[in-house]
Amino acid sequence: MSEYPVVVVGAGPVGLAAAAQLLERGLEPLVLERGPRAGAAVAAWHHVRLFSAWSELVDPAGGRLLEPTGWVRPDGAEYPTGREWAERYLQPLAEALGSRVRFGAEVVGVARRGRDRVVDSGRDDEPFSVHVRTAAGEQRLLASAVIDASGTWGSPNPLGGEGLPAIGEHAAADRIVYRVPNLGDAQVRVRYSGKHIAVAGSGHSALTALVALSGLAKENPATRISWVLRRGGIGTAFGGGDADQLPARGALGTRAKEAVEAGLVSVVTGFRTETVERDDTGRLSLGSANGQRLSDVDEVVALTGFRPELGWLSEIRLELDATLQAPVRLAPLVDPNVHSCGTVYPHGAKELAHPETGFYLAGMKSYGRAPTFLAMTGYEQVRSIAAALAGDHEAAGRVELVLAETGVCGGAGLFDDPGTTAASDGCCGPAEPEVLTLAAPSRAGN
Ligand SMILES: Cc1cc2nc3c(=O)[nH]c(=O)nc-3n(C[C@H](O)[C@H](O)[C@H](O)COP(=O)(O)OP(=O)(O)OC[C@H]3O[C@@H](n4cnc5c(N)ncnc54)[C@H](O)[C@@H]3O)c2cc1C
């Protein structure tokens, strides 16, 4: 199989890191990206400032590949926007990878050559057949292994509280967005200024939108913001505050809390949206499963999370958790229904393996529907996967990262349990022993 490349789906932070890690291992990567440039998903939220600093956003192998090119490493203590992450790191990294990254190449299917999902015979001896759609037509590429790092940005969850669109949600599509609005854009500001906006969701994106929109409400007091939560109380939605080991992530929750306390945001709890109706004036009225109603809504910002797109993996034998749609051995580490911390221990090829030998989900997509994914988790995943593909099982099994605790015991899955609180000194218990820095400056083995 060594005559075929390892195909990586997606030139996002984790896909490009996978390519850099594979190269260091002497394996040939081929990255297929459906967008026109690297970091297409990240660039779509270019206006959002990350809560991770640069020191947590540059993959070690990516940095080592870039250094000889004259690339200037950004100040590790600064926090970039999505645009800066894409322009100052992801796009240069794709350039350094050269023809190993193809743009405008959408992966629409993966199978074993000549075999559908059902056929056992000779399965592991065949390369993968990657079905690709480009402007020039359809292609089939053969691969020795496939790392699917295509993220979840393309499939946001609906507003409907049951995970399916609410009645009337499609019909109201002109008034609903599923991404954080860019209030730096004059036209977008006009859309929201002086309006009644319902923000649904309790994750970091929802907090980001609340903070941005409350700035607008200060400027134009006619702006009303209703924060619609499925959970019975605010509970841990503001995050860990000072107990969060990522200070900017903790500060985001603190700023959202201040906006609520200042009366800029009204909180509506226990609201699982069932219906979206339009009144005679064209404004929306949201109805919840328990009979609550939120009326006179001009705009809805639905930030209820993302889910993995699995349709094009129908011919691959995946082993996914029934709840989260994440690899079965990873899911217990990240399940917000049972996980007591909101963060996850480092993990790698072993936890990400499937019955289909040589196929991995990595990055944001590997978390399925679980929240709180961090790029540094993905970098560690692909370091381990690259080691496993190169046959270095000792390195693949090694833990090389300790992640920052959120400072919150209990995650999103506990949305009806008001008893969960922010921890004062973390709640994950001791981390695994071996710790290496993410910002290692020199090439491995030097
Ligand atoms: C608003 C916001 C703020 C965030 N802030 C942080 C933060 O501060 N720190 C942090 O660590 N993480 C943050 N995240 C999470 C962040 O998205 C991930 O860390 C990172 O982008 C995940 O990288 P990825 O490569 O797994 O996926 P993505 O960045 O989503 O990249 C996937 C790539 O695959 C491509 N693709 C998709 N489908 C296909 C296909 N079928 N064929 C070919 N290409 C395809 C996409 O175009 C995209 O370029 C944030 C996310 C959001 C939405």
Side-chain angles (χ1 to χ4, degrees), residues 8-21 31 33-67 69-97 101 103 149-154 156 179-185 203-205 207-209 211-212 244 246-252 303 306 362-367 371-383 401 403-404 437-441:
V8 179
V9 188
V14 177
L16 292 173
Q21 296 278 0
V31 183
E33 165 59 50
R34 72 174 165 198
R37 61 186 70 84
V42 170
W45 46 271
H46 55 92
H47 52 290
V48 178
R49 191 163 294 283
L50 280 89
F51 49 73
S52 298
W54 272 115
S55 59
E56 295 144 6
L57 295 169
V58 174
D59 171 66
R64 289 190 289 268
L65 187 67
L66 278 166
E67 261 153 23
T69 68
W71 172 72
V72 179
R73 185 183 284 272
D75 181 343
E78 286 183 3
Y79 296 86
T81 59
R83 180 196 304 277
E84 289 162 347
W85 197 16
E87 288 181 358
R88 295 181 61 189
Y89 167 63
L90 299 174
Q91 285 157 21
L93 181 53
E95 277 165 33
L97 287 160
V101 187
F103 298 107
S150 61
T152 55
W153 178 252
R179 310 293 199 292
V180 179
N182 176 12
L183 297 180
D185 179 318
H204 296 116
S205 291
L207 298 180
T208 303
V211 169
D244 194 321
L246 291 182
R249 186 171 60 185
L252 178 63
L303 300 167
F306 294 87
M364 188 91 175
K365 188 166 181 176
S366 71
Y367 265 40
T372 54
F373 177 79
L374 291 176
M376 56 200 306
T377 314
Y379 297 159
E380 171 60 6
Q381 289 178 339
V382 294
R383 180 204 61 77
L401 177 67
L403 291 162
T437 171
L438 253 189

Please assess T152 against Y367 for the test side chain to side chain contact (heavy atoms under 4.5 Å, CB included), listing each intermediate value before the final yes or no. CA-CA 9 Å; T152 55; Y367 265 40; over 6 Å; no
What's the verdict on side chain to side chain contact (heavy atoms under 4.5 Å, CB included) for W71 and L65, showing C-alpha distance, side-chain angles and the deciding distance? CA-CA 10 Å; W71 172 72; L65 187 67; over 6 Å; no
With side chain to side chain contact (heavy atoms under 4.5 Å, CB included) as the criterion, how do W85 and W45 come out once you've worked through the C-alpha distance, each side chain's angles and the decisive distance to 0.1 Å? CA-CA 11 Å; W85 197 16; W45 46 271; 4.0 Å; yes
Would R73 and V58 satisfy side chain to side chain contact (heavy atoms under 4.5 Å, CB included), going step by step from the backbone distance to the final call? CA-CA 9 Å; R73 185 183 284 272; V58 174; 3.7 Å; yes
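The shortest heavy-atom contact between G10 and V31 is O-CG1, 3.5 Å.
Shown here are the side-chain contact (heavy atoms from CB on, under 4.5 Å) partners of S52, two or more places apart in sequence or in another chain: E56, L57, L246, L374. Annotation: salt bridge (Lys or Arg N to Asp or Glu O under 4.0 Å) contacts of R88 (sequence neighbours excluded): none. In terms of the side-chain hydrogen bond (donor to acceptor under 3.5 Å, both in side chains) criterion, residue partners of S366 (sequence neighbours excluded) are, by chain and number, Q381. Taking the side-chain contact (heavy atoms from CB on, under 4.5 Å) definition, one finds that Q91 meets it with R37, A38, A86, E87, sequence neighbours left out. Among residues two or more places apart in sequence or in another chain, the side-chain contact (heavy atoms from CB on, under 4.5 Å) test is passed with E78 by W54, D75. Partners of E84 under the salt bridge (Lys or Arg N to Asp or Glu O under 4.0 Å) rule, at least two apart in sequence or in another chain, are R49. Considering only residues two or more places apart in sequence or on other chains, F51 meets the ring-ring contact (aromatic ring centres under 6.0 Å, His included) condition with H204. Under the side-chain contact (heavy atoms from CB on, under 4.5 Å) criterion, A41 pairs with W153, sequence neighbours left out.
Remark: side-chain polar atoms of H47 are paired, donor with acceptor, to backbone N or O of V180 under 3.5 angstrom.
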